[in-house]
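The chains referred to below are lettered A, B, ... by the order of the sequence lines, with proteins before strands, and numbering in each begins at 1.
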There are 2 protein chains.
Amino acid sequence: MNDSNKEAIEDKINYLRTMCKLKGMRVTPQRIEIYKQVANSCEHPDAETVYEAVKHKMPNVSVDTVYRTLASLEDLDMIFRVDNQLPRARFDADKRPHNHFICIKCNEVYDIFFDKDEEIKIPGNAEKFGEVKDINIQIRGICNKCLQEQKNKQN
Amino acid sequence: MNDSNKEAIEDKINYLRTMCKLKGMRVTPQRIEIYKQVANSCEHPDAETVYEAVKHKMPNVSVDTVYRTLASLEDLDMIFRVDNQLPRARFDADKRPHNHFICIKCNEVYDIFFDKDEEIKIPGNAEKFGEVKDINIQIRGICNKCLQEQKNKQN
DNA sequence: TCCTTATTAAGAATGGTTACTATTTAAGTA
DNA sequence: TACTTAAATAGTAACCATTCTTAATAAGGA
């Protein structure tokens with residue numbers, strides 16, 4: 001990790017501290033470490049992956065703490081769940097508006113950032129159902145890596 | 001249910017028969033009944049709901065059969081899962097392209113049909129990740145019913 | 001009808017997630 | 001800095017949606 005990344009993550013953790021205080025939540029080392037793991041990863045990790053990573057620095061951390069903390073971070077809008085049809089929840093700390101390409105073979109999640117002129121508009125009749133909080137687009141398919149593997153098998 | 005609906009559902013079941021034969025799958029009464037339940041419902045039922053409904057007609061049906069059959073119907077593209085962040089999978093037999101408004105309070109799923117001039121286009125850079133199979137849009141929010149209940153509580 | 005084999009019922013097992021309880025700890029206060 | 005106390009944690013057990021296992025059944029082709 002380079003210096004600008006280190007700076008960026010420090011900023012994020014300071015923001016986490018602020019948000020915790022604002023909501024009357026304590027700033028615990030577990031919370032910081034768990035948030036760091038999600039924020040530093042670009043692979044949209046599941047709870048198990050976060051748990052394993054945190055264990056390296058905090059061997060006594062419990063599974064329950066990881067799940068509980070991921071839920072708190074979600075409440076703070078610091079992270080959110082990636083919609084998927086898999087048994088495990090996946091988490092994302094990137095707050096920039098974006099969407100996901102999910103590979104149906106290997107379950108990898110790729111970020112899709114729209115061009116400026118492609119901004120998603122709320123479908124005309126969506127608001128008649130209620131108050132819209134969040135729009136989420138998933139694109140499911142087979143990723144290039146898996147397509148290549150399929151080709152290699154055929155030959 | 002009126003006559004045209006009865007006709008429509010018969011057509012769908014005939015299509016199910018055809019698809020089963022095509023794929024070398026047997027046409028069992030359980031498959032027909034389970035499919036009927038999903039196809040006749042507009043509430044995007046979960047497996048438990050389907051199980052309870054089917055039990056009225058087939059008291060001996062097992063939970064396992066329901067799950068296995070829902071998975072087979074998915075393989076046949078007769079039904080599909082609604083993306084959600086809830087512990088239970090929800091199913092939909094409506095093959096017309098549409099999307100969903102999911103209430104974060106009561107978990108109800110509402111169908112959203114786009115106007116013709118609002119057709120969803122694949123984001124420009126999505127295809128660079130691989131072969132796109134399916135695009136899915138969820139809109140999460142609070143439905144009118146729950147908004148009304150909130151208002152009533154406040155007064 | 002018979003035969004082959006997929007499907008079924010019933011219940012046990014699995015696995016991701018959540019709950020429980022005793023203990024520890026963050027952070028406000030003197 | 002020590003005290004106080006509510007909140008958070010570790011460790012473990014429980015939960016619950018879903019899937020697996022086994023023996024029995026039944027569909028559909030020959």
**Proximal nucleotide (of C:dC20, C:dA27, C:dA10) relative to the A:Val27 side chain** = C:dA27
**Item:** N or O in side chain of A:Thr65 less than 4.0 angstrom from D:dT9 OP1/OP2
**Value:** no
**Prompt:** When the distance from CG of A:Asn60 to C1' of C:dT24 is rounded to whole Å, what number comes out?
**Reply:** 12 Å
**Message:** Within the 4.0 Å heavy-atom criterion, would you say B:Glu48 contacts the bases, only the backbone, or no part of the nucleic acid?
**Reply:** nothing
**Asked** Are A:Val132 and B:Ile102 connected in a single hydrophobic cluster, I mean Ile/Leu/Val/Met/Phe/Trp/Tyr linked by side-chain heavy atoms less than 4.5 Å apart?
**Response** no
**Prompt:** Would B:Thr49 and B:Asp46 count as having a side-chain donor-acceptor pair, cut-off 3.5 Å?
**Reply:** yes
**Message:** Students often get this wrong, so: under 4.0 angstrom with heavy atoms, is B:Asp46 touching a base, only sugar-phosphate, or nothing?
**Reply:** nothing
**Asked** Quick one: B:Met58 CE to C:dA9 C1', roughly how many Å, whole number?
**Response** 13 Å
**Message:** Distance check needed: C:dG16 P versus A:Tyr51 OH, whole Å only.
**Reply:** 13 Å
**Item:** Nucleotide D:dC16, atom P - distance to CG of B:Leu86 in whole Å
**Value:** 16 Å
**Any B:Gln30 side-chain nitrogen or oxygen under 4.0 Å from OP1 or OP2 of C:dT7** = no
**Prompt:** Atom CZ of A:Arg26 to atom C1' of C:dA26: distance rounded to whole Å?
**Reply:** 5 Å
**Request:** Take the protein atom CG of B:Asp75 and the nucleotide atom P of C:dA6, then report the distance between them rounded to whole Å.
**Result:** 15 Å
**Request:** Show your reasoning for whether side chain to side chain donor-acceptor pair (under 3.5 Å) applies to B:Thr65 and B:Ser62.
**Result:** CA-CA 5 Å; B:Thr65 296; B:Ser62 74; 2.9 Å; yes
**Message:** Please pick, from D:dA6, C:dA9, C:dT17, the nucleotide with the shortest atom-to-atom distance to any side-chain atom of A:Ala89.
**Reply:** C:dT17
**Asked** From the list D:dG11, D:dA8, C:dA10, which nucleotide is the closest neighbour of the side chain of A:Arg31?
**Response** D:dA8
**Fill in**
Between B:Pro59 and B:Gly24, the residue closer to the 5' end of DNA chain C by nearest nucleotide is B:Gly24
**Request:** Among C:dT17, D:dT9, C:dA9, find the nucleotide with the atom closest to the side chain of B:Arg68.
**Result:** C:dA9
**Complete:** Atom NZ of B:Lys21 and atom P of C:dA6 are separated, to the nearest Å, by 18 Å
**Request:** Among the candidates D:dA10, C:dT17, D:dT18, find the nucleotide nearest to the side-chain atoms of B:Tyr67.
**Result:** D:dT18
**A:Asn99 (side chain) donor-acceptor with A:Ile137 (main chain) under 3.5 angstrom** = yes
**Request:** Measure from CG on A:Leu70 to P on C:dG16 and round the result to the nearest Å.
**Result:** 15 Å
**Message:** Tell me whether A:Arg90 contacts the main-chain N or O of A:Glu43 through its side chain, where contact means a donor paired with an acceptor under 3.5 Å.
**Reply:** yes
**Asked** Taking only N and O in the side chain of B:Thr28, is any of them less than 4.0 Å away from OP1 or OP2 of C:dT8?
**Response** yes
**Request:** Using a 4.0 Å heavy-atom cut-off across all strands, classify B:Arg88 as base, sugar-phosphate, or nothing.
**Result:** sugar-phosphate
